Amino acid sequence: MADSIRVIVSGVTGRMGQRLIKILARESNVSVVAGITSADNSLVGERLSRLSNNEQDSAPILSDFEGLDADVVIDFSQSDAFNAVADYCVMSETPLVSGTTGLSQAQFDRISQAGHFIPVLWAANFSLNIQIIKNLLQIFKQINNQGDYRITETHHQHKKDAPSGTAIALAQSLTESHQLKVVDTNQFTLGEINITSVREAEVPGTHKICCDFPNESITLEHVAKNGDLFAEGAVSAARWLVQQDKGLYDLNAILLA
Ligand code: NAD
C-alpha cells in the first residue's frame, strides 16, 4: 500500500470536484496530482489554489491526462468525458473510482471491461446507507410476491441527467429490466418500477421509495444533507480501492470488508 495516495480529480471544476478538493486537503496521507476539466474551461492552466483558496494547492488544472502518474483517479465529471477517463485509467493501470452518472450501456460495458485490467469502483451514490437500502429492497422483492414500488427523486436544478443514477440503481434492486422508458418529461419506468424526477432549488439529493404490499406499506426516504456525503464516500472508496487487485467492485465490497 502506498504511504501517501496520489489522486487525480476528474471533473475538478464542478460542484463535486470542488468539494473533493476541499475534503482531500483535510485528509492525511493524500496528495492531489492534478485536476482535470473540459478543454474550454477558463481555469485550465491554473493551479488548484484557484478553487480551494489555499495557496498550498499548487497542482495544475489540466484538460487531459497526458503524462500524469497517480495511484487513483476520482471521477465526478460528465458522461461525455467518461470514456477518456476510463481509457486513461486502463492504459496507465490506475485504479478508478467514479460517481459520474448518465452513462450509457456501452459505458457500463466499458467499466466492466476495465475491471479485467484495473480495480474499478463505480457507484451512482457514494452513501453506504443507500447501498444498504438497495440491499433491503432486494430482500423486499424476494419475499413479497405482490408489491408495487414507486421511486421519487429530487435534485438541484443544475443536474443534467434524469432520472438520477441513484433512482435507477434503486429500481434495479427491484426489477430485472434494463429498459428505461420515458413516459413524460419527469416520469420514467424501469420495467414495472415507476420513477418520478423533481428538480428543485439546490436540493443535494433526496430519494423516496414507496413500497405497497397487499396488507401493509413501507416508505423509505434518504435525504443527503450536502454533497460532502458523496465526496467523503468517494475518498474512503479510493483509499480502499488502491489496496485491491484488479476487478469490478461496488459499495457492497466495502460494506462487507
Ligand atoms: P457539474 O456539472 O457541476 O460538474 C461536472 C464537471 O465535469 C464540470 O466541472 C465540467 O467542466 C467537467 N467536465 C466536462 N467535461 C470534462 C472533461 N472532458 N474532462 C473532465 N471534466 C470534464 O456536476 P457535479 O454536480 O459536480 O456532478 C458530476 C457528476 O457526478 C454528475 O454525473 C453527477 O450526477 C454525479 N454525482 C454523483 C454522485 C455519487 O454519489 N455518485 C453524487 C453527486 C453527483
Side-chain angles (χ1 to χ4, degrees), residues 7-24 32-46 48 50-52 60-66 68 70 73-89 96-104 107-108 111 120-134 153-170 172 197 199 201-207 222-238 241 249-251 254:
V7 181
I8 297 171
V9 175
S10 163
V12 73
T13 52
R15 298 156 69 90
M16 285 301 300
Q18 293 187 50
R19 278 183 191 275
L20 273 166
I21 292 302
K22 290 186 180 114
I23 283 162
L24 288 166
V32 178
V33 173
I36 309 291
T37 188
S38 52
D40 60 357
N41 192 290
S42 61
L43 290 174
V44 172
E46 301 280 353
L48 283 182
R50 284 290 306 276
L51 292 171
S52 64
I61 300 172
L62 305 170
S63 60
D64 64 53
F65 291 86
E66 204 179 325
L68 293 177
V73 172
I74 305 180
D75 167 59
F76 284 83
S77 58
Q78 290 178 189
S79 55
D80 55 6
F82 182 79
N83 291 354
V85 179
D87 288 353
Y88 165 76
C89 288
L96 170 61
V97 170
S98 176
T100 300
T101 62
L103 301 182
S104 65
Q107 288 175 312
F108 283 117
I111 292 175
V120 187
L121 193 154
W122 179 87
N125 190 308
F126 274 93
S127 160
L128 288 177
N129 289 318
I130 282 283
Q131 183 62 51
I132 292 169
I133 292 172
K134 281 167 56 184
E153 57 100 346
T154 308
H155 280 87
H156 54 84
Q157 302 162 63
H158 319 282
K159 187 164 177 59
K160 295 190 171 72
D161 52 320
S164 69
T166 305
I168 295 170
L170 290 165
Q172 283 171 337
S197 295
R199 295 290 169 261
E202 298 297 326
V203 177
T206 297
H207 292 84
H222 179 273
V223 180
K225 293 185 179 175
N226 57 61
D228 285 357
L229 171 70
F230 313 123
E232 285 174 4
V235 172
S236 298
L241 194 70
Y249 300 95
D250 64 14
L251 289 184
I254 295 178

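Numbering starts at 1 and runs along the sequence shown. The figures here come from the full heavy-atom set of this structure, side chains too, leaving out hydrogens, waters and symmetry mates. Ligands are counted one by one from 1 in listed order, and the atoms in each one are counted from 1 as well. Treat the numbers as computed from the prediction; the structure is a model and nothing was measured.
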Identity and separation of the nearest protein heavy atom to atom 35 (C) of ligand 1 = G99 O, 3.3 Å
Who's the nearest protein heavy-atom neighbour of atom 26 (O) of ligand 1, and how far?
-> M16 N, 2.8 Å
Considering only protein heavy atoms, which is closest to atom 34 (O) of ligand 1, and at what distance to one decimal place?
-> T101 OG1, 2.6 Å
Which is closest to atom 17 (C) of ligand 1 by heavy-atom distance: G227, G35, G233, A81?
-> A81
Expected output: side-chain S52 to main-chain K22 donor-acceptor under 3.5 Å = no
Using 30° and 60° as the class limits, which term best fits the ring planes of F108 and W122: parallel, tilted or perpendicular?
-> perpendicular
Of all protein heavy atoms, the one nearest atom 28 (C) of ligand 1 is S77 O, 3.2 Å
Where is the nearest protein heavy atom to atom 10 (C) of ligand 1: which residue, which atom, and how far?
-> Q78 OE1, 3.8 Å
May I ask whether Q18 has any heavy atom positioned less than 4.0 angstrom from an atom of ligand 1?
-> no
heavy-atom search around atom 2 (O) of ligand 1 in the protein gives K160 NZ, 2.9 Å
So which heavy atom in the protein is nearest atom 38 (C) of ligand 1, and how far is it from that ligand atom?
-> F76 CE2, 3.5 Å
Of the protein's non-hydrogen atoms, which lies at the shortest distance from atom 25 (O) of ligand 1, and what is that distance?
-> R15 CD, 3.4 Å
With a 4.0 Å heavy-atom cut-off (strictly under), which part of H158 contacts ligand 1: side chain, backbone, both or neither?
-> neither
Please state whether A123 comes within less than 4.0 angstrom of ligand 1, counting heavy atoms only.
-> yes
With backbone taken as N, CA, C and O and side chain as the heavy atoms from C-beta onward, which portion of D161 lies under 4.0 Å from ligand 1: side chain, backbone, both, or neither?
-> side chain
Winner among A162, G14, G11 once heavy atoms are compared against atom 4 (O) of ligand 1 = G14
Y88 (side chain) donor-acceptor with L68 (main chain) under 3.5 angstrom = yes
Flag if over 12 foreign heavy atoms under 6.0 Å of CZ, R199 = yes
Can you check whether P163 reaches I168 side chain to side chain, under 4.5 Å on heavy atoms?
-> yes
Option with minimal heavy-atom separation from atom 13 (N) of ligand 1, where the choices are S10, S38, G205, S127 = S38
Options A231, S79, A124, ranked by nearest heavy atom to atom 41 (N) of ligand 1, top entry | A124
Identified side-chain contact (heavy atoms from CB on, under 4.5 Å) counterpart of L43 within the set L48, L51, L62, V12 | L51
